[in-house]
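Presented below is the structure to which this report refers.
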Amino acid sequence: MKSMTSESRAMATRCFKVLVSTLLLVSLSPSSALIGNSSLPDYRLMRDLFDGYNPAVCPKSSADEPVEGAMDYVLMSVNNVDEKEQVIAINGWLILSWTDAFLQWDPALYEDIDMIVIPSKKIWLPDIAFENSVDNLFLDVERFAATVSSDGTVNFLPGGPITLLCPLNLTNFPFDVQICSIDIVSWTTPERAMKYKLGSFTKDLLVENGQWNIADLNASYIAFTDDGETFSEVFLHIMLQRKPLYQAMNTILPVVMMSFLNLAVFRLPPDSGEKVSLSITVLLAYAVWLLMMSSITPTTSDNLPLVETFITLFMGVSTISVFVTVFIIRLNHGDDSTPVPQWMKKLFCVRCGRSARSSSVKQLDSTDSTDSLGSLGSTDSAETVTWKMMAQAADRVAFYTILAVTVIMLLTATGIIGCKSAYQPVSFK
């Protein structure tokens with residue numbers, strides 16, 4: 001009996017030790033920690049708020065009153081304006097705020113907690129879309145959290161880079177002003193469920209762009225009807241004014257300098273052998289410049305840049321210069337046995353008579369006064385106009401003609417572009 005009693009006591013001791021170990025493990029387990037944390041005010045608030053909350057239900061306070069929301073936009077930067085593709089890349093963020101009637105609490109019951117941060121996927125969000133977006137119609141809202149106040153006010157700030165369609169009018173390039181818009185529309189939520197109040201469109205945190213000035217910002221609101229439902233649409237307008245210095249130095253100034261190279265063609269002697277080479281080189285330079293312009297402008301006939309139009313005209317003048325140069329060289333190599341036609345003398349040889357009279361006066365001084373008159377008559381009758389003289393005269397006429405045409409075209413281009421730029425809007429007001 002004594003041996004049985006000692007064995008029973010040993011068995012009871014082992015069972016007691018096992019029980020104590022089990023209790024210790026249970027007390028240190030994660031579930032026990034969660035049970036202990038359930039008394040924290042943040043935990044209790046989240047548990048009470050989302051007990052029965054459905055993020056798919058619009059949080060209206062009553063069936064007849066829509067949720068009123070405010071929309072603001074903060075523009076951070078204009079990253080790129082692609083004239084060829086007619087798109088603009090910007091960076092900024094929306095500031096959306098509304099009242100969620102299902103997310104309200106008394107701060108006194110939760111140790112004066114007045115605001116909490118909630119993952120956006122856990123609450124109801126308005127389904128807004130960028131209707132003129134190139135890459136993503138909807139923002140990736142799950143990356144952003146929302147702040148909720150005790151009165152149910154929700155503030156949600158999604159944002160990031162976005163690329164938008166922007167039709168550009170490049171008529172006055174590079175002195176142009178462009179207006180691009182951010183088209184934000186309520187995709188499936190009608191105004192009977194949520195109605196937006198237009199807020200502000202600011203550039204307080206704007207990073208300056210080296211090519212464009214942000215001349216003005218404006219916002220407008222419209223309501224449109226689709227399938228019997230009324231939807232909200234907000235337009236955020238950005239007025240961009242190009243900084244023309246870079247384009248003027250790299251586009252306009254080289255064209256002006258090339259226009260005067262046409263004049264150099266007619267100052268080269270016809271016998272130099274380089275007149276045609278120089279004229280063709282100038283023509284090819286215009287062709288290359290026109291090709292460069294076409295690479296940055298859209299392939300549309302709606303509005304051609306005036307600069308491109310004048311480059312084409314200068315290219316036409318250069319083409320005519322090539323033909324005139326060939327004609328002058330042909331004159332220079334004319335056969336002197338063939339007399340120069342009278343109409344050509346009248347057209348080109350403006351100073352031939354003066355040069356002939358000058359040579360006669362020199363002969364008059366070298367002879368006596370009695371024989372000078374006869375010598376003059378024989379000299380005048382023997383004086384002939386050669387083809388080389390005609391080529392030199394044609395060079396002079398072509399030089400002054402091309403000079404006049406070039407100056408007139410440059411003044412006309414300056415006047416037209418200047419007037420059009422002066423009448424462009426610089427604000428929405």
Side-chain angles (χ1 to χ4, degrees), residues 73-93 132 134 159-182 200-219 235-259 285-286 288-300 302-312 314 409-429:
Y73 192 85
V74 179
L75 181 64
M76 284 288 295
S77 63
V78 175
N79 300 332
N80 183 40
V81 179
D82 193 332
E83 292 91 349
K84 185 72 174 178
E85 299 296 332
Q86 301 273 285
V87 296
I88 178 174
I90 63 173
N91 190 20
W93 67 81
N132 61 336
V134 174
I162 184 171
T163 303
L164 306 167
L165 290 173
C166 179
L168 303 176
N169 186 345
L170 299 176
T171 302
N172 299 320
F173 174 88
F175 305 98
D176 51 329
V177 175
Q178 307 294 340
I179 297 178
C180 298
S181 300
I182 309 172
S200 60
F201 187 16
T202 63
K203 56 175 181 177
D204 298 336
L205 304 176
L206 181 68
V207 178
E208 290 294 329
N209 185 278
Q211 188 177 358
W212 296 90
N213 280 323
I214 309 301
D216 200 4
L217 300 175
N218 194 15
F235 295 93
L236 306 176
H237 307 288
I238 308 171
M239 180 172 287
L240 302 166
Q241 189 170 22
R242 191 190 299 271
K243 298 177 181 179
L245 181 60
Y246 176 82
Q247 294 294 344
M249 293 293 293
N250 291 274
T251 303
I252 297 180
L253 189 58
V255 172
V256 174
M257 291 188 293
M258 284 191 299
S259 66
Y286 277 119
V288 171
W289 218 254
L290 195 62
L291 183 63
M292 186 192 71
M293 284 292 299
S294 64
S295 67
I296 64 174
T297 55
T299 54
T300 176
D302 294 337
N303 44 75
L304 292 175
L306 289 174
V307 173
E308 190 172 350
T309 302
F310 280 102
I311 291 177
T312 305
F314 280 123
M409 290 179 62
L410 289 176
L411 292 177
T412 303
T414 303
I416 292 177
I417 295 177
C419 291
K420 283 184 170 291
S421 301
Y423 285 102
Q424 288 187 107
V426 293
S427 68
F428 294 102
K429 300 177 183 179

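Here, residue 1 is the first one in the sequence, and each next residue gets the next number.
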Just do the side-chain contact (heavy atoms from CB on, under 4.5 Å) check on Leu75 and Leu217 with the steps written out, would you? CA-CA 10 Å; Leu75 181 64; Leu217 300 175; 4.2 Å; yes

Could you check Thr412 against Leu410 for side-chain contact (heavy atoms from CB on, under 4.5 Å), going step by step and ending with a plain yes or no? CA-CA 5 Å; Thr412 303; Leu410 289 176; over 6 Å; no

Steps toward side-chain contact (heavy atoms from CB on, under 4.5 Å) verdict (Ser181, Leu236): CA-CA 5 Å; Ser181 300; Leu236 306 176; over 6 Å; no

request  = Would you check, one step at a time, whether the test side-chain contact (heavy atoms from CB on, under 4.5 Å) holds for Met258 with Tyr286?
outcome  = CA-CA 8 Å; Met258 284 191 299; Tyr286 277 119; 3.9 Å; yes

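Among residues two or more places apart in sequence or in another chain, the side-chain contact (heavy atoms from CB on, under 4.5 Å) test is passed with Ile296 by Phe173, Met293. Residues that satisfy the side-chain contact (heavy atoms from CB on, under 4.5 Å) test with Leu290, not counting sequence neighbours, are Glu308, Ile311, Thr312, Met315. Legend: residues meeting ring-ring contact (aromatic ring centres under 6.0 Å, His included) with Phe201, ordered by chain and number and at least two apart, are Tyr73. Not counting sequence neighbours, the partners of Pro174 by the side-chain contact (heavy atoms from CB on, under 4.5 Å) test are Arg242, Gln247, Ile252, Val307. With sequence neighbours left out, the side-chain hydrogen bond (donor to acceptor under 3.5 Å, both in side chains) criterion links Ser77 to Asn79. For Met409, the side-chain contact (heavy atoms from CB on, under 4.5 Å) partners are Leu313, Phe314, Val317, Val405, not counting sequence neighbours. For Thr202, there are no side-chain hydrogen bond (donor to acceptor under 3.5 Å, both in side chains) partners at least two apart in sequence or on another chain.
Atom CH2 of residue Trp212 and atom CD1 of residue Ile238 lie 12.0 Å apart, to the nearest 0.5 angstrom. From Gln178, atom CD reaches atom SG of Cys166 across 6.5 Å, with rounding to the nearest 0.5 Å.
Distance alone, capped at 3.5 Å, is enough to place a donor-acceptor pair between the Asn169 side chain and the Thr171 backbone.
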Using atom types as modelled, flag every donor-acceptor pair under 3.5 Å from a side chain in residues 84-91 to any protein atom, sequence neighbours excluded.
| unit_1 | atom_1 | unit_2 | atom_2 | d |
| --- | --- | --- | --- | --- |
| Lys84 | NZ | Ser294 | O | 3.2 |
| Lys84 | NZ | Thr297 | O | 3.3 |
| Gln86 | OE1 | Leu168 | N | 2.9 |
| Gln86 | NE2 | Glu83 | O | 3.1 |

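Val255 approaches Trp289 most closely through the heavy-atom pair CG2-CD1, 3.3 Å.
Residues Asn209 and Lys243 form no side-chain contact, since every pair of their non-hydrogen atoms from C-beta on lies 4.5 Å or further apart. Between Leu306 and Asn172, some side-chain heavy-atom pair lies under the 4.5 Å cut-off.
Counting heavy atoms of neighbouring residues, nucleotides and ligands inside a 6.0 Å radius, atom CE of Met249 does not exceed 12 of them.
No option in Asp176, Val177, Ile214, Asp216 other than Val177 meets the side-chain contact (heavy atoms from CB on, under 4.5 Å) test with Gln241.
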